[in-house]
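Beneath this line is the structure, given in structure tokens, with notes to follow.
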Amino acid sequence: MKRIYIVRHGETFINRYNKMQGWCDTPLTEKGIAGADQVGEALKDVPFDIALSSDMKRASDTCDIIIKHNVNRDEIQHIATPFFREHFYGYFEGMDSDAAWQMISGPHGYKSHAEMLKNESLDTVKDWIKEADPFHDAENAKEYWDRINKGFKLIGQLDGAENILLVTHGFTIHSIADRYSDFDIKERPRNASITVMNMTEQEKKVVSYDKLKL
């Protein structure tokens, strides 16, 4: 069994400004760097065999900070991969989040992002993002999961790696937990929070979500 410690990157400037951030990238804030240090301390005694991250700089930098705290820090290889990038929001990248979600949810009768999430699946939301994008560049659910599943296939091929650090993004962690847990999850995980998944050849199971400590 592989145990995957899934961490959301630390706060970025776009997070701070409440803007849409998928494949666009901004640096960690001072608070974001501090958050990465804190989660590094929380995970320091987990002997990671390998570390993976999204290839977005905010996730890669968070991963490197966590590794510096780890008991195996001198031995951990860090692989940055596009497979675990955030959902691609297309036209909505960098837009004010409230305005973007109004454009996405409004045509379907919802007044807010929160109201939409109470009633619709995350995969439906992904499809609506692509539908609302005037250029239709945003990922729909199938495109998104085809990419993410390549990431899980990569993890499955890591022979001998039992404790795995994976640093990725809020909507991605929310989506993974929604698909692979029994929790009723309506909120994205906090920056620099920890979600834990057990993975075997037969199944994936999220066993804890959005924790600041183990």
Which atom pair, heavy atoms only, marks the closest approach of [X] to [Y]?
X: C24; Y: I14; result: SG-CD1, 3.9 Å
X: C63; Y: A51; result: SG-CB, 3.7 Å
X: K19; Y: G94; result: CD-O, 3.5 Å
X: D133; Y: G90; result: OD2-CA, 3.6 Å
X: P107; Y: Q102; result: CD-O, 4.1 Å
X: T195; Y: S208; result: CG2-O, 3.1 Å

Working to the nearest 0.5 angstrom, can you tell me the gap between [X] [atom1] and [Y] [atom2]?
X: L122; Y: I129; atom1: CG; atom2: CD1; answer: 9.5 Å
X: D98; Y: M103; atom1: CG; atom2: CE; answer: 13.5 Å
X: S53; Y: D61; atom1: OG; atom2: CG; answer: 9.0 Å
X: K130; Y: F135; atom1: NZ; atom2: CZ; answer: 13.0 Å
X: L43; Y: N163; atom1: CG; atom2: CG; answer: 10.5 Å
X: I155; Y: I50; atom1: CD1; atom2: CD1; answer: 9.5 Å

Counting N and O atoms only, with roles assigned by atom type, does the side chain of [X] sit under 3.5 Å from a partner on the main chain of [Y], one being a donor and the other an acceptor?
X: R188; Y: G170; value: no
X: N149; Y: W145; value: yes
X: R58; Y: L28; value: no
X: T62; Y: G10; value: yes
X: N198; Y: K205; value: no
X: N70; Y: P47; value: no
X: N72; Y: F48; value: yes
X: E86; Y: T172; value: yes
X: S97; Y: N18; value: yes
X: Q21; Y: T26; value: yes

With side-chain contact (heavy atoms from CB on, under 4.5 Å) as the criterion, how do F92 and I104 come out once you've worked through the C-alpha distance, each side chain's angles and the decisive distance to 0.1 Å? CA-CA 9 Å; F92 303 106; I104 295 161; 3.9 Å; yes
Q: Please report the C-alpha distance between E187 and I185 in whole Å, then the side-chain angles of each, then the deciding distance to 0.1 Å, and finally whether the side-chain contact (heavy atoms from CB on, under 4.5 Å) criterion is met.
A: CA-CA 6 Å; E187 300 293 333; I185 299 170; 5.7 Å; no
>> Hydrophobic clustering (ILVMFWY, side-chain heavy atoms < 4.5 Å, transitive) - are L165 and Y209 grouped together?
In response: no
For residues [X] and [Y], is any side-chain donor paired with an opposing acceptor at under 3.5 Å?
X: D127; Y: T124; answer: no
X: S193; Y: D210; answer: yes
X: E120; Y: Y110; answer: yes
X: H69; Y: E41; answer: yes

- prompt: How are the rings of W101 and Y89 set to each other: parallel, tilted or perpendicular (split at 30° and 60°)?
  reply: perpendicular
Quiz item: Between H108 and W128, what is the ring plane arrangement, given parallel below 30°, perpendicular above 60°, and tilted in between?
Solution: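 Ring orientation of H108 relative to W128: parallel.
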Counting neighbours of [atom1] on [X] that are heavy atoms of other residues, nucleotides or ligands and sit closer than 6.0 Å, is the number greater than 12?
X: R16; atom1: CZ; value: no
X: E131; atom1: CD; value: yes
X: K186; atom1: NZ; value: yes
X: Q157; atom1: CD; value: yes
X: Y91; atom1: OH; value: no

| field | V7: which of N191, V167, T168 passes side-chain contact (heavy atoms from CB on, under 4.5 Å) | value |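 Option passing the side-chain contact (heavy atoms from CB on, under 4.5 Å) with V7: V167.
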Is any side-chain heavy atom of K2 closer than 4.5 Å to one of E162? no
A side-chain contact here means heavy atoms from C-beta on lying under 4.5 Å apart; do P189 and H174 qualify? yes
**Steps toward side-chain contact (heavy atoms from CB on, under 4.5 Å) verdict (Y5, V46)** = CA-CA 9 Å; Y5 297 80; V46 178; 3.7 Å; yes
Evaluate side-chain contact (heavy atoms from CB on, under 4.5 Å) for M20 paired with E93, printing each intermediate quantity in order.
CA-CA 5 Å; M20 301 288 277; E93 294 278 341; 5.8 Å; no
Open item on the list: On the six-membered ring of F152, is K204 placed so that its NZ or CZ lies under 6.0 angstrom from the centre and within 45° of the ring axis?
Closed with: yes
**Message:** Under 6.0 Å from the ring centre and within 45 degrees of the ring axis: does the NZ or CZ of K126 meet both conditions for the six-membered ring of F171?
**Reply:**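 Cation-pi check for K126 and F171: passes.
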Basic-acidic side-chain contact under 4.0 Å: D64, K68 = no
